[in-house]
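Let me begin by presenting the structure, written as structure tokens, before commenting on it.
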Amino acid sequence: MSTRLIHRSAASPSRDIAECLEALFLSELLDPGKRLLVASPWMSDFPVLNNRGGKFTALDASWTATFVPFSSILRGMLQRGTSVQIACGPGERETELLSRVDRVASLDGTATRLSLNRLPREHRLFSHEKALIGDTWAVYGSMNLTYSGVTMNGELITVTTNAARVATVATELLDLFV
């Protein structure tokens, strides 16, 4: 795959986006990149991996036979040496997610690889960009990183492994992480 456009209508939800994210995060856990950039004004600890059959427990013994949340995926990436940079809004769900990730990073010694930036929601300063960017892939478009964004809302996202496009998207959004 070089570039794929995924459109999901709110009137006819599909699992395409959730399955795409699951595959990308599994590939990162199996072959970790150096950096993951995560930008979304609204973000929560949504379920990323369907581990109900226990098929992914070999990747992390703490994962029970249920859905693996976003915070656990980020923790797994930090433990594998990936630098994780997150930029999100100041809401309660975002605070809860970031607190959970920050707390476990502090406990397991990976906090030096974690960077958290809170984006203002003031009208003139509001950043509305949404993207997940790994070393070799990027997902960007209308989707917030929430349960509704990943599973239910009408969304239009681009998924690319085109190296030039990945670099362009990362470069364009770097200011969100400082």
Please tell me if the side chains of [X] and [Y] come closer than 4.5 Å, counting only heavy atoms from C-beta onward.
X: Phe56; Y: Leu26; answer: yes
X: Ile133; Y: Leu36; answer: no
X: Thr136; Y: Thr161; answer: no
X: Asp102; Y: Leu116; answer: yes
X: Met143; Y: Trp42; answer: no
X: Leu173; Y: Val169; answer: yes
X: Phe25; Y: Leu132; answer: yes
X: Arg35; Y: Asp135; answer: yes

How far apart are the closest heavy atoms of [X] and [Y], and which atoms are they?
X: Gly154; Y: Ser142; result: O-OG, 4.4 Å
X: Leu37; Y: Ala170; result: CD1-CB, 4.1 Å
X: Thr82; Y: Pro32; result: OG1-CB, 3.6 Å

| query | Crowded around Tyr147 OH? As in, over 12 foreign heavy atoms under 6.0 Å? | reply | no
| request: Give me the one residue out of Arg118, Lys130, Arg93 that meets side chain to side chain contact (heavy atoms under 4.5 Å, CB included) with Cys88. | output: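 Only one option passes, and that is Arg118.
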| In this structure, which one of Leu21, Asp16, Thr3, Ile6 forms a side chain to side chain contact (heavy atoms under 4.5 Å, CB included) with Val159? |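 That would be Ile6.
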Mind checking whether [X] and [Y] sit in one hydrophobic cluster, side chains of I, L, V, M, F, W, Y counted as touching below 4.5 Å?
X: Leu176; Y: Leu145; result: no
X: Val68; Y: Val150; result: yes
X: Met152; Y: Phe46; result: yes

[X] side chain to [Y] side chain, donor-acceptor N/O pair below 3.5 angstrom:
X: Asn144; Y: Thr146; answer: no
X: Arg15; Y: Thr151; answer: no
X: Thr160; Y: Asn162; answer: no
X: Thr110; Y: Gln79; answer: no
X: Glu22; Y: Asn50; answer: no
X: Asn51; Y: Thr57; answer: yes

| request: Evaluate the side chain to side chain contact (heavy atoms under 4.5 Å, CB included) criterion for residues Asp45 and Glu96: first the C-alpha distance (whole Å), next the side-chain angles of each, then the deciding distance (0.1 Å), finally the verdict. | output: CA-CA 8 Å; Asp45 207 4; Glu96 183 181 315; 5.5 Å; no
| said: Rounded to the nearest 0.5 Å, what separates atom CH2 in Trp63 from atom CZ in Arg75? | reply: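 Trp63 CH2 to Arg75 CZ: 8.0 Å, rounded to 0.5 Å.
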| Spacing of Leu114 atom CG and Met77 atom CE [to the nearest 0.5 Å] |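 Between atom CG of Leu114 and atom CE of Met77 there are 12.0 Å.
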